[in-house]
Amino acid sequence: MQGNTPKIKPGIFNNHPDSRMITNMNSCVHCGLCAESCFFYLATKDERFMPGRKADLVTSVYRRYCTWQGKVFPKLVNARELNGEFASEMTDLLFGACTMCGRCSMHCSTGVDVPYLVRLGRTMLSEMGFVPATLQSTVNAALESGNNMSIPLTEFLDTIKWMEEELMDETGDPLSRIPVNEKRKEILYTLNPREPKFYPLSISAMAKIFYFAGESWTLSSEMYDVTNYAYFSGNNKEAAIIAERLRKEMKHLDCNTLVLAECGHGTRAFRWEAPNYLKQQFPFKVISSVECIADYIRKGRINLDPDKIKVPVTIHDPCNLVRNGGVINEQRYILKQFVKQFIEMEPHGIDNFCCGGGGGQLAMSEFNERRMKAAVIKAEQIRQTGAKIVVTPCHNCIDQLTQVNIYYKLGIKLMTMAEIVAEAIIPHKTNF
Amino acid sequence: MKWYYWVAIIPPVLACITCLRLIIRLVTPGRPEDFSVPAGNISESIRYAYTSSMNPARKETAFLHLPTYAAGIIYHAGTFLSLIFFPFIWLQLSPSEPVIFITSIVLVSSALCGIGILIKRMTNSRMRKLSNPDDYISNILVTGFQVTTVIVLNFSSAYFTYFIVSGLLFLYFPVGKLKHAVYFFAARYHLGLFFGRRGVWPPVNEK
């Protein structure tokens, strides 16, 4: 990790801070009660991983550069200069020991928004060139190729063609299609690049749902990537470039609703953060695919076989979709339509523990060992349910849990929401 | 009134001015602009942030640490009680004997909680690593304020000591973490705003 030591205060403090920043920079009372809310701390008992410690790294820089107390009495209030050594310590903890899952904030005795502070810290480090190279290369891939896995256009189109054939087999309808770049459809559907690269069947699964719902929809070959890893790297300019591409493609294809694929951070980054990167409210509807599927069920547009899934099933709540995105009950509503034995993890919903793959962790191989060690909390949560299938509406979580499954010998099957719904769908004739 | 009564009023006035300055600083920039389309009831969420979300049964930091949480609540109650009594003591208005008795019991309990929290901060390695000198000074000053409030309520000869300790506390207010008296409310507001916009708070039962 290379970086320059700033001689002046970090750029994020140069503009007038808003009340959210001032509040969060000054609110932590160092009670230390947040420790048990963090799975990194719970799994390792490493005191450096306490959320309060991570928040303090960022607030100590604020105190040093933005408060008279930090300038006059730096030792008294622990105000620290942001030099190269300190930046390395921050990089290790803010990138490598926090997924910005927000569990600590929800339980904080004061109400400090720790992930907000961690992301501000990541922005500081990004300005200094301290973003881990592995994470930055994922961002660069998206910037340079249009998707974070640098999938060539021909490869993408070949995969879609292949999945279209799968869809025909599934529906028994030789006319069933996966539309690409079609204008004025109701829905533009995005993908996580992991789907065309590693899990193409999840594309045909969602296509099957759209088919039986009689939906008017399309994919884009120009901009289908739902992810935005610049949200994790802390670079707002790069995050804005990636978000703007999707906004422009929506405008270009003139669709009414953008349905974000099963990707927690992608949903968060576009639905909740992108309007602020781009300083505008989008003139189209933005929903997650989970909400889309739930809506089809409620409206009777798809029918599910209530006896289809007989083995115990649990759900892992992706932090960015649930705790930070408000999609809390829809996934439960869907599963309860056709799962005989639905078992909740404890805790679950907005209190659920992160799987350990969020915050860009999966992209940063240098932290692999720590990531897998911290995942013991999630592994035990899953084990205690006795579930044979773990459903999670997030490809990032799927990747992490696939590794957790092997590492902790859980013996579970992992499925996205679209995959399990497609399995339970009752075929019927459509007007599509 | 002796000269030090007039001097003693200066630090609390300065502390009040600091509070006002902090509030103006928080309010002036306005609510951070957010262009995302809200999914929930923001005002209900803010209400929830100040009320039910603080319920110890819902808050992991409370139910996993009940002794510390209870000590913290009692300690803060003692601080507010001491602050309420400050103007009465300054004006030399003596409360009735039962009021002094009950107040003394509460303040002795709260001061003991403060000492307990201080000992925990000093002896628990994870707390020690999280703490800076300001954390210790703030605790000592607040606990000292509570103790001297009990003393002055029971022994009128202790006014000078009381005003020295309260003066130090109020003078220190703008320096360190005591400012959370203002920031706490702002933090709850912003948390309510964040989770409310996204439809996370207040939690709803499955539809």
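Residue numbers start from 1 in every chain, and the chains themselves are labelled A, B, ... in the order their sequence lines are given, proteins ahead of strands. Here the structure is a predicted model, which is why all the values come from computation and not from measurement.
Both the backbone and the side chain of B:Asp34 come within contact range of chain A, judged by heavy atoms closer than 4.5 Å. Contact annotation for B:Phe195: only side-chain heavy atoms (C-beta onward) come within less than 4.5 Å of a heavy atom of chain A. If you measure heavy-atom distances from B:Ser53 to chain A, you find no contacts under 4.5 Å at all. Of the atoms belonging to A:Cys104, not a single heavy atom falls under 4.5 Å from chain B. Within the 4.5 angstrom heavy-atom criterion, only side-chain atoms of B:Lys179, from C-beta onward, approach chain A. Proximity to chain A involves both the backbone and the side chain of B:Pro133, based on heavy atoms less than 4.5 angstrom apart. Heavy-atom distances place the side chain of B:Leu64, and not its backbone, under 4.5 Å from chain A. Of the two parts of B:Ile137, only the side chain, counted from C-beta on, holds a non-hydrogen atom closer than 4.5 Å to a non-hydrogen atom of chain A. Of the two parts of A:Tyr41, only the side chain, counted from C-beta on, holds a non-hydrogen atom closer than 4.5 Å to a non-hydrogen atom of chain B.
Taking 4.5 Å as the limit, every side-chain heavy atom of A:Met25 sits out of range of all side-chain heavy atoms of B:Tyr183. Looking at heavy atoms from C-beta onward, B:Asp134 lies out of side-chain contact with A:Phe73 at the 4.5 angstrom threshold. When side chains are defined from C-beta on, A:Thr23 does not count as touching B:Phe185, because their heavy atoms never get closer than 4.5 Å.
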Going by atom type alone, with no hydrogens or angles, which donor-acceptor pairs under 3.5 Å involve a side-chain atom of residues 3-14 of chain B and a protein atom two or more places apart or on another chain?
residue	atom	partner	partner atom	Å
B:Tyr5	OH	B:Gln92	NE2	3.4

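Using a 4.0 Å cut-off between a side-chain N of Lys or Arg and a carboxylate O of Asp or Glu, A:Glu47 and B:Lys129 qualify as a salt bridge. Checked for salt-bridge contact, A:Glu273 and B:Arg197 miss the test: no charged N lies under 4.0 Å from a carboxylate O. Using a 4.0 Å cut-off between charged nitrogen and carboxylate oxygen, B:Arg126 and A:Glu36 count as a salt-bridge pair. Between A:Arg103 and B:Glu60 there is a salt bridge, since at least one side-chain N of the basic residue sits less than 4.0 Å from a carboxylate O of the acidic one.
Around atom CZ of B:Phe80, no more than 12 heavy atoms belonging to other residues, nucleotides or ligands sit under 6.0 Å away.
Scored by the side chain to side chain contact (heavy atoms under 4.5 Å, CB included) test, B:Val108 finds B:Leu112, B:Val150 as partners (sequence neighbours excluded).
When each of B:His180, B:Lys177, B:His65, B:Met127 is scored by its heavy-atom pairs under 4.5 Å with chain A, the top score falls to B:His65.
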